[in-house]
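Below is one structure; the comments refer to it alone.
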There are 2 protein chains.
Amino acid sequence: MTEKLLESQADIFKALAHPVRLQILQMLKPGERCVCELVVDTEKEQPNISRHLAILKKDGILGCRKDGTRVMYWVRDRRAFELLDLCREMLKSYYQEKSEFF
Amino acid sequence: MTEKLLESQADIFKALAHPVRLQILQMLKPGERCVCELVVDTEKEQPNISRHLAILKKDGILGCRKDGTRVMYWVRDRRAFELLDLCREMLKSYYQEKSEFF
DNA sequence: TTTATATATAACAATATATGAATATAATGA
DNA sequence: TCATTATATTCATATATTGTTATATATAAA
């Protein structure tokens, strides 16, 4: 039971553990976007973005719907953004401590 | 710059993306512990735990100090626990939605 | 129907991450 | 010094993840 919870938790963090996926989430903060917009903005290959989206969807972080030929993706639970913000805050302190950039 | 931030953020999430490492963090919630205690409580091999600890330390999540033959580890920034809690809350809603266990 | 556009999937190579077993190191105490 | 205990590291290997290219699917428009 606890083991199962730890694994689910790890899966969420695993889904967040890639710069492109974090970038995608950031771009979805104002609301849903279609794949093609994400491809343009990230400057990555379309299949690459599609797969990252599939990972985020599989772990329940994103939802999606079809709209004509397009597929719109959005963040299902806005607490995901809190996770990202909290992490950024931690990094900020960490780098200030080491008197590095930021 | 933003790219560097995204990568640092991803590194933090990557460090959290393993059930054993999450278990270790949970065990460090009350305060510092030595490696041998973590080995006993997790029921994992000692080299395995050492390596997971090294990963958490490399990414700035854990600190450590020697105490005789022992090495004590602790969580450097308690906001790490907030990350875990927030993640668990998200999972809770998610599973309730799907009317699964929890 | 044909064509164009948007998206997803498959196949592959490259890289990263995981584990267990064996070994190395470092501090302590006899 | 030698033996013991605690911890870290190395090696071999298995598995997972990533990016790229090519291809498949699905919708819409001509």
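A close approach under 4.0 Å does occur between a side-chain nitrogen or oxygen of B/His52 and OP1 or OP2 of C/dT19. Checking the phosphate oxygens (OP1, OP2) of C/dA6, no side-chain nitrogen or oxygen of A/Tyr73 falls inside 4.0 Å. Using a 4.0 Å cut-off, no side-chain N or O of B/Asn48 falls inside it from OP1 or OP2 of C/dA18. At least one side-chain nitrogen or oxygen of B/Arg21 sits closer than 4.0 Å to the OP1 or OP2 atom of C/dA18. For the pair B/Arg51 and C/dG20, the criterion of a side-chain N or O lying under 4.0 Å from OP1 or OP2 is not met. Between B/Ser50 and D/dA8 there is a side-chain N or O to OP1 or OP2 distance below 4.0 Å. When the side-chain nitrogen and oxygen atoms of A/His18 are compared with OP1 and OP2 of D/dG19, one or more of them lie within a distance under 4.0 Å.
Within 4.0 Å (heavy atoms only), A/Ile55 reaches sugar-phosphate atoms of the nucleic acid but no base atom. Residue contacts for A/Lys57: at a heavy-atom cut-off of 4.0 Å it reaches no nucleic acid atom on any strand shown. Among the heavy atoms of the strands, none lies under 4.0 Å from B/Lys44.
Among the nucleotides C/dT7, D/dT7, C/dA26, the one closest to the side chain of B/Lys66 is C/dA26. Here D/dT9 is the nucleotide among D/dT9, C/dA8, D/dA6 with the atom lying nearest to any side-chain atom of B/Pro47. Counting only heavy atoms from C-beta on, A/Glu45 has its side chain closest to D/dT20 among D/dT20, D/dT9, C/dT28. Here the side chain of A/Lys14 is nearest to one of C/dA8, D/dT17, C/dA22, namely D/dT17.
Salt-bridge formation is not detected for the pair A/Lys58/A/Asp11: no Lys NZ or Arg NE/NH1/NH2 atom is positioned less than 4.0 Å from an Asp or Glu carboxylate oxygen. With salt bridges taken as basic N to acidic carboxylate O contacts below 4.0 Å, one links B/Lys29 and B/Asp85. Using a 4.0 Å cut-off between charged side-chain N and carboxylate O, B/Asp59 and B/Lys14 make no salt bridge. Ion pairing of B/Glu89 with B/Lys92 is present here, as a side-chain N (NZ or NE/NH1/NH2) and a carboxylate O approach within less than 4.0 Å. For the pair A/Arg65 and A/Glu32, the salt-bridge criterion is met [side-chain N within less than 4.0 Å of a carboxylate O].
One atom, CZ of B/Arg33, and another, C1' of D/dA6, lie 16 Å apart when rounded to the nearest Å. In this structure, A/Ile49 atom CD1 and D/dT17 atom P are separated by 18 Å, rounded to whole Å. Remark: C1' of C/dT25 and CZ of B/Arg70 are 18 Å apart, rounded to the nearest angstrom. Computed from coordinates, the A/Arg65 CZ to D/dT27 C1' distance equals 15 Å when rounded to whole Å. The distance from atom CG of A/Leu38 to atom P of C/dA8 is 10 Å, rounded to the nearest whole Å. Atom CE of B/Met72 and atom C1' of D/dA8 are 17 Å apart (whole Å). The distance between atom NZ of B/Lys58 and atom C1' of C/dT17, rounded to the nearest whole Å, is 11 Å. Counting to the nearest Å, the P atom of D/dA8 and the CG atom of B/Leu56 are 12 Å from each other.
Annotation: side chain of A/Arg88 is not in contact with side chain of B/Ser8 (no heavy-atom distance under 4.5 Å).
A donor and an acceptor atom sit less than 3.5 Å apart, one in the side chain of A/Gln46 and one in the base of C/dA8.
Nearest-nucleotide assignment on DNA chain D puts the 5′-proximal partner with A/Ala17, out of A/Gly68 and A/Ala17.
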